[in-house]
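Counting starts at 1 for both ligands and their atoms, following the listed order. Note: hydrogens, waters and symmetry copies are ignored here, and every other heavy atom, side chains too, is used.
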Amino acid sequence: MTTKAIWTGPRAALEEAEILLSEALYPPPGAVSFTKSDDAADDEDALWRLEAYFDTAPEPAGLKALLDQTGIGAPQFEDLPEIDWVAHALSGLGIVRAGRFVLYGAHDADKLPGEDGLIPIRIDANQAFGTGHHPTTAGCLTLLDRLAGMAPERILDLGTGSAVLAIAAAKLWNKPVLAADIDETSVKIARENVDLNGVADLIDVVVSDGFAHEKIASVAVFDFIFANILAGPLIELAPAMAAHAGRSGRVMLAGLMADQEAKVTGAYQAAGFRMINRLDHKVWPVLLFAKP
Ligand code: SAH
């Protein structure tokens, strides 16, 4: 039996709850989905809906203690038959907009906004991270859109997951992108997404732990590197990033939480980078570093 817990409320409180559920609850929910629950145009006023699916129903007292600080109150519970969590939770996720990027699943292909200048990216529900519903992915896309005027020639997406950032960069700049992930399943899905988005001639996806893969190691320097990973690996990767970022090379970092920012920034400064841009995106800042 699967148990679904449902909360509705303001976006910020639910976002905080989503992070707590995913990172501080044991056992964690099998899947979490976060959607706008009404049509109010302004995100700040809209009611949002957070759903978490559990194999074993969580202790109400434990949930309350965990989520008390968010002020969202007790959820409604629903019992469901056994389901494929991931597909189920994601099939309900709506279109995500970040800057000019519009991320959608196949089920929403007929609902894309008709505005000019939008850059659609199709990412279907599956096991690779990066549907755009996580604030780090949306944050990277928002900052990327602001950097549209740059013209990097050699681009690397490290920790590509669904390949969402690689696809966005290829569509934005029409330049080749190397994409890498340590996880073989993600690489398989990334390749499918690259094909689905019609950018297979621009994006090469490889399995690589950091810069280890020969195709990455052999590129003397990159002009632009994305790394939406986590604070720990980002810090470990700082010297390698410095070795692989060219003169005025840019490195976009995400996946760190606000309270880890000083450590990450310290590691990148020590490696010779300086911060040139920063997006304050909930508790997930996105940092842009450059080599002087
Ligand atoms: N770029 C996507 C996915 C981010 S999730 C987005 O922005 O949404 C982070 C990804 O990094 C995961 O797919 C994980 O498998 C990968 N990863 C973690 N450590 C890595 C490492 N050392 N080298 C390469 N990839 C790594």
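Close contacts between ligand 1 and Thr160 involve ligand atoms 1 (N), 2 (C), 3 (C) [criterion: under 4.0 Å to a heavy atom]. The Asn228 neighbourhood of ligand 1 comprises atoms 4 (C), 5 (S), 6 (C), 7 (O), 8 (O), 9 (C), with distances under 4.0 Å to a heavy atom of that residue.
By the 4.0 Å N-to-carboxylate-O rule, Arg49 lies close enough to Glu51 to be salt-bridged with it. With respect to the salt-bridge test (charged N to carboxylate O, under 4.0 angstrom), the residues Arg250 and Asp223 do not qualify. Between Glu115 and Arg97, at least one side-chain N (NZ, or NE/NH1/NH2) sits under 4.0 Å from a carboxylate O, which counts as a salt bridge.
Polar contact check, Leu165 against ligand 1: no nitrogen or oxygen pair lies under 3.5 Å apart. Polar contact check, Ile229 against ligand 1: no nitrogen or oxygen pair lies under 3.5 Å apart. Ligand 1 has an N or O atom lying under 3.5 Å from an N or O atom of Asp181, backbone or side chain. Checked against a 3.5 angstrom limit, the closest N/O atoms of Asp183 and ligand 1 fall outside it.
Side-chain contact annotation: Asp145 with Thr142, donor-acceptor N/O pair under 3.5 Å absent.
The shortest heavy-atom distance from Ser208 to ligand 1 is under 4.0 Å. A heavy-atom separation below 4.0 Å is found between Gly210 and ligand 1.
Among Leu103, Ile189, Ile182, Leu141, the residue whose heavy atom sits closest to atom 25 (N) of ligand 1 is Ile182.
The closest side-chain heavy-atom distance from Phe224 to Met252 is below 4.5 Å.
Ring-plane geometry between Phe273 and Tyr268 is classed as tilted, the angle between the planes lying from 30 to 60 degrees on a 0 to 90 degree scale.
In this structure a side-chain-to-backbone donor-acceptor pair under 3.5 Å is missing from Asp204 to Leu178.
Residue contacts with ligand 1, taken as heavy atom pairs separated by less than 4.0 Å, involve Val164 solely via side-chain atoms from C-beta onward.
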